[in-house]
Amino acid sequence: MGSRVLRAVAMAVVLLTGLAPARGVVPIALAQNDPSLAAAGATPAGYDISWPQCGGSYPANPAFGVVGVNAGIVFSPNSCLASEVAWAGGVSAGLYANTGNPGPALSKHWPTGQLAPKWCDPGNTDTADCAYDYGYNAAADSYADAVAAFSSLGLAGTPAGSVWWFDVETGNSWRSDVSLNVAALGGAAYYLGSVGVATIGFYSTQYQWNVITGGTSAFAANKSWVAGATSARGANANCTGSGFTGGGVALAQYPSGGFDADLRCTSAPSVLTTITVSPASASVQTNGQQQFSATGYDQSGAPMSPQPAFTWSVNGGGSISASGLFTAGSTAGGPFTVTASSGSVSGTATVTVTSASADFSLSVSPPSQSVSRGTSATYIVTITPSNGFSGAVTLSLTGQPSGAIVTFTPNPATTTSTLTVKTPSWGPRGTFTLTITGIGGSLSHATTASLTVTK
């Protein structure tokens, strides 16, 4: 649709030079005879036309036709809408409407004070509710134009039975706040739904959709009509994936014979094409574990739904479970390759097994003691080395009652130490949490015990 402006300029040049084209139909190459399209293996093409084709020729014998009801912007009628609807098959014609959101400062159609479907507060008109009403009114105006065209042709049906598309392009006026643009599109979609239109989609490119809507997924229930291809083969490629709305691709546009041609996309089954393993690389200490996960993607790069079942394997360094949990062995080495596969498709990650650092842990027994004021509580602190730790650990205590005398025997210690806490006869009563801290080189660990002091 973006190419229509250029076509309109070209047509104006022709008219100014007195070389107006003859009205009627131009016998351009049909989709089934398009070598590029045939090579792509796609279905026959339809065409979309609008106000730039007024006074000129229409594509011959389209597989289907889509007609723009506006003259390039909202609240502007396509003066040859009726003849174009007739070209597109009457009640079987697809229809598209322009969209936009110029905001209250630029639009004479801004719905200031409108009560429904949203309240556009006159005291604050630059809101999402006002933008919603603007989109609603623009769609209502477009639908009224289509009703008038159907009536002038004496068609038995109404435009509600047609497939409708909203044209979302950066060439129209939009706000920098994308949430206001999404609101305007929401209002437009709501209007068409309220008059019985069952099928509503959006025309755009991923780039323009991102700029205008921020890549919203608010219309994931609606199909995409994807523009931007330069050939039938490119359009066929655009048929895959979830489209810019996220709801799949119904049509893909490309230029052909001076017009915009469109492929009707078929729902090709998703085929597992690639597998990504996460994390892509990991480091695990000996006897440690690392959880890996896998995601399968189809031919369009979209995640498979549902995901396939994966078979996990690792070429050394340990073992991996059916759910992707890697358990390292007792020997350092690597990097080793972790593989997730499904059928003939596989994805890989790497894992390196490193030697566990020397360390120690603390424990205390008994976990709690109860003594009277003026007496002592005794605990045994145990130091458990791991991974070759052989240093001495210096012990300290915090949390003891005020005035208590604390001793560790021995201190520093390598295996066990006796902790004695002598409470003063005049000291406080209650339950105290004793925190025992051990420091060995750069390592520090702590454990706790409980001490209750009675009268």
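The chain is numbered in sequence order, starting from 1.
Residue D167 is tested with I73, V74, N98 for a side-chain contact (heavy atoms from CB on, under 4.5 Å); the sole match is N98.
Side-chain contact between M304 and Y297 is absent, with no heavy atoms from C-beta onward closer than 4.5 Å. Side-chain contact between T158 and V147 is absent, with no heavy-atom pair separated by less than 4.5 Å. In this structure, I212 and T170 have side chains that are in contact, with non-hydrogen atoms separated by less than 4.5 Å. Taking 4.5 Å as the limit, every side-chain heavy atom of Y47 sits out of range of all side-chain heavy atoms of V66. Taking 4.5 Å as the limit, every side-chain heavy atom of F244 sits out of range of all side-chain heavy atoms of Q208. Contact of the S162 side chain with the F150 side chain is registered, since non-hydrogen atoms from C-beta on lie closer than 4.5 Å. In this structure, Y132 and P111 have side chains that are not in contact, with every pair of non-hydrogen atoms separated by 4.5 Å or more. Side-chain contact between W87 and P62: present, with at least one pair of heavy atoms (C-beta onward) separated by less than 4.5 Å.
Between the side chains of Y96 and S142, no donor-acceptor pair of N or O atoms lies under 3.5 Å. A side-chain donor from one of H445 and D359 sits under 3.5 Å from a side-chain acceptor of the other. Side-chain atoms of W119 and D133 include no donor-acceptor pair closer than 3.5 Å. Side-chain polar atoms of D177 and S179 form a donor-acceptor pair below 3.5 angstrom.
Put simply, OG1 on T448 and CG on L362 are 11.0 Å apart, with the number rounded to the nearest 0.5 Å. How far CG of N222 is from CG of L185: 10.0 Å, rounded to the nearest 0.5 Å.
Pairing each heavy atom of A45 with each of Y254, the nearest pair is CB-OH, 3.7 Å. The heavy-atom pair separating G440 from F360 by the smallest distance is N-CE2, 3.9 Å. T431 and S450 make their closest contact through CG2-OG, 3.5 Å (heavy atoms, listed as atom of the first residue, atom of the second, distance). Nearest approach of W209 to T216, heavy atoms of both residues: NE1-O, 3.4 Å. Residues I200 and G193 share a closest heavy-atom pair of CD1-N, 4.0 Å. Across every non-hydrogen atom of F259 and Q53, the tightest pair is CE2-CG, 4.0 Å.
Between W110 and Y134, the gap from one ring centroid to the other is short of 6.0 Å.
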Return a table of donor-acceptor pairs under 3.5 angstrom between the side chains of residues 336-356 and protein atoms on other chains or two or more places apart.
unit_1	atom_1	unit_2	atom_2	d
S341	OG	T311	O	3.4
S342	OG	A309	O	3.3

Do any side-chain atoms of residues 281-296 form donor-acceptor pairs under 3.5 angstrom with protein atoms, and if so which ones, sequence neighbours left out?
unit_1	atom_1	unit_2	atom_2	d
Q289	NE2	T327	OG1	3.1
Q291	NE2	S323	O	2.8
Q291	NE2	G324	O	3.4

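Other residues, nucleotides and ligands contribute only 12 or fewer heavy atoms inside 6.0 Å of the OH atom of Y190.
Under the salt bridge (Lys or Arg N to Asp or Glu O under 4.0 Å) criterion, D126 pairs with R175, sequence neighbours left out. Residues passing the side chain to side chain contact (heavy atoms under 4.5 Å, CB included) test with A189 are F166, sequence neighbours excluded. Under the rule for a ring-ring contact (aromatic ring centres under 6.0 Å, His included), W312 has no partner lying at least two apart in sequence or in another chain. Every residue meeting the side chain to side chain donor-acceptor pair (under 3.5 Å) condition with T245, not counting sequence neighbours, appears here in chain and number order: S224. Residues passing the ring-ring contact (aromatic ring centres under 6.0 Å, His included) test with Y191 are Y136, sequence neighbours excluded.
Applying the disulfide (SG to SG under 2.5 Å) definition to pairs two or more places apart or across chains, those involving residues 89-176 are C120-C130. Within the structure, disulfide (SG to SG under 2.5 Å) contacts touching residues 136-197 (residues at least two apart or in different chains) do not occur. Judged as a disulfide (SG to SG under 2.5 Å), the pairs with a partner in residues 202-257 (not counting sequence neighbours) are, in order, C239-C265. Contacts classified as side chain to side chain donor-acceptor pair (under 3.5 Å) and involving residues 143-154 (residues at least two apart or in different chains) are not found. For residues 328-351, the set of pairs meeting the salt bridge (charged side-chain N to carboxylate O under 4.0 Å, His left out) definition, not counting sequence neighbours, is empty.
At distances below 3.5 Å, not a single donor-acceptor pair connects side-chain atoms of S107 with backbone N or O atoms of P104.
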